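As structure tokens, the structure follows; a few thoughts come after it.
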Amino acid sequence: MWRLNLINTIADQANWIISSDVAIVIADKYPKAQHHYLVLPKAEISSVFNLTREHLPLLEELHLLARNVVEVRGQQWNDFKVGFHAEPSLERVHLHVISQDFVSPCLKRKKHWTSFNTALFVPYEELRDKLQSENSFQRLPPHAYHKLLDSPLQCNQCERICINLPKLKEHLLEHLLNKNGQQKSVIYTKIETSKDKINIMDVTEKNKIKMDHIKQNIRNELRKKILDKNHILIESDRAVVVKADYPKAQYHFRVVAKEDIEDVTKLTSDHLQLLDHMMELAVQIIGKQDHLPSRNFRIGFKADPFWDRLNMHVISDDFYSLSMKRIKHWNSFNTELFLPFQQAYMMLDSEGAIETLSEVEFQKLKEQTPLHCNQCDFQSPLLLALKAHLFTHWQDKESERRTKKQMEDIVKLLDEAKLEDTAKPEAASSREEHEITASTSQKSMDQNQAVGADANAYHQCGPLVNLMNLQHINNPFRNTPARFGIAAKTHPQPTNSMYAPRPHRAGNPLAYAPRPQQGGNPFRNMPPRPQLGGNRFGPHLNRFGPQSKDMMPMFAAPNQQPRFGPKQPQNHRPRAPNQPQNQRPRGPNQPQNQGTRAPNQSKFQ
DNA sequence: GTTCTAGAAC
DNA sequence: GTTCTAGAAC
């Protein structure tokens with residue numbers, strides 16, 4: 001029965017985009033716009049006419065998942081319409097989440113348009129308020145329904161009324177192209193005789209040229225930025241430190257060379273001193289971040305940089321940020337697309353150049369899934385699930401940090417008390433101790449506030465970058481009740497030793513390090529590097545220059561053999577050939593969403 | 001919800 | 001002649 005199509009679709013978890021304990025999001029099989037999703041409850045509620053006031057919390061959850069799927073797909077919430085059909089055709093109540101371009105080959109009939117762009121579409125808020133006030137939602141009278149179906153085809157973005165659906169579709173495409181920066185002169189596209197096949201090849205080609213031009217202008221922004229003193233956190237004669245405009249973690253800075261070097265591939269061994277200097281600046285900016293120890297920072301270059309000027313990333317390893325919106329954002333820091341500083345330095349020192357990956361490899365790495373957590377064995381194909389997971393790491397670290405801070409305050413207090421005891425031998429009562437602890441905490445808090453209010457300190461130390469705001473409207477986890485456990489499709493996690501150990505995974509600072517199976521690599525016996533230690537960042541320790549070869553390398557364990565050993569011929573980068581992380585042997589638990597149907601789904605077949 | 005198709009509209 | 005719409009069938 002075709003009315004059960006949606007129920008059949010959700011029976012197969014492979015169709016789920018995201019889900020919670022109570023609802024599921026799927027893609028509309030016949031999307032009427034560029035983005036079109038359906039949110040369905042797991043509970044068997046056949047239609048919108050069966051909803052009552054009791055369902056308001058469920059409705060809220062559907063709406064939350066609607067926001068999440070928009071976030072997952074990297075789209076803007078304001079571009080979407082979210083609501084129900086007043087006269088739905090298919091069973092199981094479903095919330096439409098649809099982008100307002102309405103450009104789609106599946107938009108074929110007038111009804112497709114009117115069902116979303118007249119009163120036949122009931123926005124989420126309208127239904128919610130109706131249930132709140134009247135405890136039910138009623139079907140439209142037949143005459144009203146047919147009248148709405150006959151509504152003129154008025155554009156949803158301007159006053160234009162079109163004579164028929166093909167004309168409206170042509171008009172809607174104009175809007176979409178205009179929105180994407182298309183000039184009006186090239187809007188009028190050829191409509192092919194075969195239905196719904198619109199030839200926009202010429203248009204997209206011209207679009208591409210224009211977009212390339214715009215991109216080039218943006219690329220130059222970094223060059224301009226280093227001249228603008230307002231953006232600069234630290235400046236020297238050879239480089240500056242600026243805050244990243246779209247930070248991909250809580251702390252994200254760029255050290256930008258003043259010298260006109262396009263990117264990391266243009267570096268030669270002559271630039272080793274420049275790299276030393278850039279590291280010194282990185283050390284300085286890290287040192288100014290009291291909130292986070294230096295071991296939580298990663299320093300390196302993008303192997304496929306967007307900006308038109310050599311810039312070195314200094315980024316905290318939480319990677320929890322509202323700007324972390326796309327899979328390529330994650331992969332650019334957590335695969336071989338990120339070239340750690342020490343690796344770049346070694347390459348330059350031993351080979352005199354940094355060899356890049358091919359364009360094909362770049363593309364592959366950018367889109368690579370599943371996404372592996374950089375702090376544990378968690379993995380997921382969905383960025384949203386990874387972000388939810390990263391959030392738990394962030395919370396743990398914050399709580400750890402707070403506890404540590406409190407302990408430090410107490411120790412400090414005890415030290416002070418000791419001094420006072422020397423002068424005044426009477427032991428303080430436990431009640432007094434408690435009072436003193438409380439007052440110290442208060443004092444510490446006041447001090448923090450004082451520091452926060454100190455504009456000069458703020459300027460010199462740089463702002464606390466991108467501190468996560470749980471209540472931010474764009475935060476997908478805002479107001480998410482814990483019980484819903486929004487984690488989408490959860491995949492089995494590796495539990496046995498068949499999985500490669502973490503040091504060999506992309507996302508690890510050792511991503512560029514050689515792997516055991518690769519023969520002839522001069523670094524293959526190198527022990528794992530420890531995390532960066534705070535006190536090793538002293539600017540006076542210029543351990544990266546050739547003159548420091550006899551010193552203990554900054555990133556090495558104290559007894560490790562020196563990394564800057566005798567040079568060996570190298571015709572390739574010291575990494576294993578094409579061993580993407582997602583080709584690791586699978587564990588016994590296969591992902592549940594691949595192919596097989598559960599027995600209880602047979603009733604839908 | 002979709003596809004098919006006859007007949008109206010152009 | 002082609003394009004477009006709308007009802008029937010699924």
Side-chain angles (χ1 to χ4, degrees), chain A residues 1-12 14-17 23-42 44-51 62 66 69 80-122 124 127 137 139-140 142-155 160-174 188-199 601 603-605:
Chain A
M1 177 61 178
W2 60 267
R3 283 188 182 277
L4 301 177
N5 280 353
L6 283 183
I7 296 172
N8 292 343
T9 303
I10 59 168
D12 185 352
N15 294 321
W16 299 7
I17 299 175
I24 297 156
V25 184
I26 57 171
D28 193 300
K29 196 176 173 186
Y30 299 93
K32 303 300 184 297
Q34 301 272 299
H35 293 271
H36 188 179
Y37 311 104
L38 304 176
V39 191
L40 297 89
K42 288 184 177 174
E44 292 181 9
I45 304 168
S46 69
S47 92
V48 75
F49 307 118
N50 302 100
L51 295 174
L62 299 185
V69 75
F80 280 75
K81 286 188 92 153
V82 180
F84 300 83
H85 279 152
E87 194 61 52
S89 303
L90 300 180
E91 282 195 23
R92 184 65 66 85
V93 62
H94 53 280
L95 178 68
H96 287 269
V97 184
I98 185 166
S99 58
Q100 306 208 48
D101 51 84
F102 290 100
V103 172
S104 163
C106 298
L107 189 85
K108 293 178 174 177
R109 304 187 56 178
K110 189 178 183 181
K111 186 183 175 183
H112 294 154
W113 176 257
T114 52
S115 68
F116 286 103
N117 292 283
T118 66
L120 291 174
F121 187 77
V122 186
Y124 161 79
L127 183 78
F137 179 76
R139 184 173 255 117
L140 282 168
H143 69 274
Y145 173 62
H146 287 107
K147 195 177 171 189
L148 285 167
L149 278 181
D150 275 342
S151 303
L153 292 168
Q154 175 154 25
C155 174
R160 172 83 72 92
I161 294 174
C162 297
I163 187 83
N164 57 37
L165 196 63
K167 292 279 187 295
L168 176 65
K169 290 186 67 167
E170 200 178 343
H171 177 72
L172 291 167
L173 182 65
E174 289 179 18
Y188 297 101
T189 55
K190 181 184 161 199
I191 308 292
E192 286 191 346
T193 48
S194 62
K195 280 186 179 179
D196 302 313
K197 294 279 173 72
I198 299 165
N199 181 1
Q601 292 164 359
K603 62 181 174 182
F604 299 125
Q605 290 175 345

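Chain naming here is simple, since letters A, B, ... match the order of the sequence lines and numbering starts at 1 in each. Every heavy atom of this structure was used, including side-chain atoms; hydrogens, water molecules and symmetry mates were not. In this text the structure is predicted, and so the values were computed from the model without any measurement.
Nearest heavy atoms, A:Leu127 versus A:Val122: N-CG1, 3.9 Å. Counting all heavy atoms, side chain and backbone alike, A:Leu153 lies closest to A:Lys110 at CD2-CG, 3.7 Å.
Residues meeting the ring-ring contact (aromatic ring centres under 6.0 Å, His included) test with A:Phe102, sequence neighbours left out: A:Trp113, A:Phe116. Residues passing the side chain to side chain donor-acceptor pair (under 3.5 Å) test with A:Asn117: none are found, sequence neighbours excluded. Listed by chain and residue number, A:Glu159, A:Ile161 satisfy the side chain to side chain contact (heavy atoms under 4.5 Å, CB included) test with A:Gln154 (two or more places apart in sequence, or in another chain). Taking the salt bridge (Lys or Arg N to Asp or Glu O under 4.0 Å) definition, one finds that A:Arg3 meets it with nothing, sequence neighbours left out. The side chain to side chain donor-acceptor pair (under 3.5 Å) test applied to A:Thr118 returns no partner, not counting sequence neighbours. For A:Thr9, the side chain to side chain donor-acceptor pair (under 3.5 Å) criterion is met by no residue, not counting sequence neighbours. Partners of A:Arg139 under the side chain to side chain donor-acceptor pair (under 3.5 Å) rule, at least two apart in sequence or in another chain, are A:Glu87.
Summarising the geometry, the separation between CZ on A:Arg3 and C1' on B:dT2 is reported as 13 Å, rounded to the nearest angstrom. Per the geometry, CG belonging to A:Leu107 stands 10 Å off P belonging to B:dT2, to the nearest Å. Rounding to whole angstrom units, CD of residue A:Glu87 and P of B:dG1 are separated by 10 Å. As a whole-Å value, the separation of A:Lys108 NZ from B:dG1 P is 14 Å. The CD-C1' distance, from A:Glu91 to B:dG1, rounds to 12 Å in whole Å. Rounded to an integer number of Å, the gap from A:Trp2 CH2 to B:dT3 P is 13 Å.
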Taking only N/O atoms, report every protein-nucleotides 8-10 of chain B pair under 3.5 Å with atom names and distance.
none

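Less than 4.0 Å separates DNA chain B from at least one heavy atom of each of the following residues of residues 29-41 of chain A: A:Tyr30, A:Lys32. Near DNA chain B, meaning a heavy atom under 4.0 Å from it, residues 109-117 of chain A has A:Arg109, A:His112 in order of number. Within residues 146-153 of chain A, no residue has any heavy atom under 4.0 Å from DNA chain B.
Note on A:Asn5: nothing from the nucleic acid sits closer than 4.0 angstrom, heavy atoms only. As judged by a 4.0 angstrom heavy-atom cut-off over every strand, A:Leu165 is placed among residues touching the sugar-phosphate backbone only.
Between A:His85 and A:His96, the ring planes lie tilted relative to each other; the angle falls in the 30° to 60° range.
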Donor-acceptor pairs under 3.5 angstrom involving side-chain atoms of residues 23-32 of chain A: please list them, not counting sequence neighbours.
| unit_1 | atom_1 | unit_2 | atom_2 | d |
| --- | --- | --- | --- | --- |
| A:Asp28 | OD1 | A:Tyr30 | N | 2.8 |
| A:Asp28 | OD2 | A:His36 | NE2 | 3.3 |
| A:Lys32 | NZ | A:Tyr30 | O | 2.7 |

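Within the 4.5 Å cutoff, the side chain of A:Ile10 has heavy atoms near those of the A:Arg92 side chain.
A donor atom on one side chain and an acceptor atom on the other are not found under 3.5 Å apart for A:His143 and A:Tyr145.
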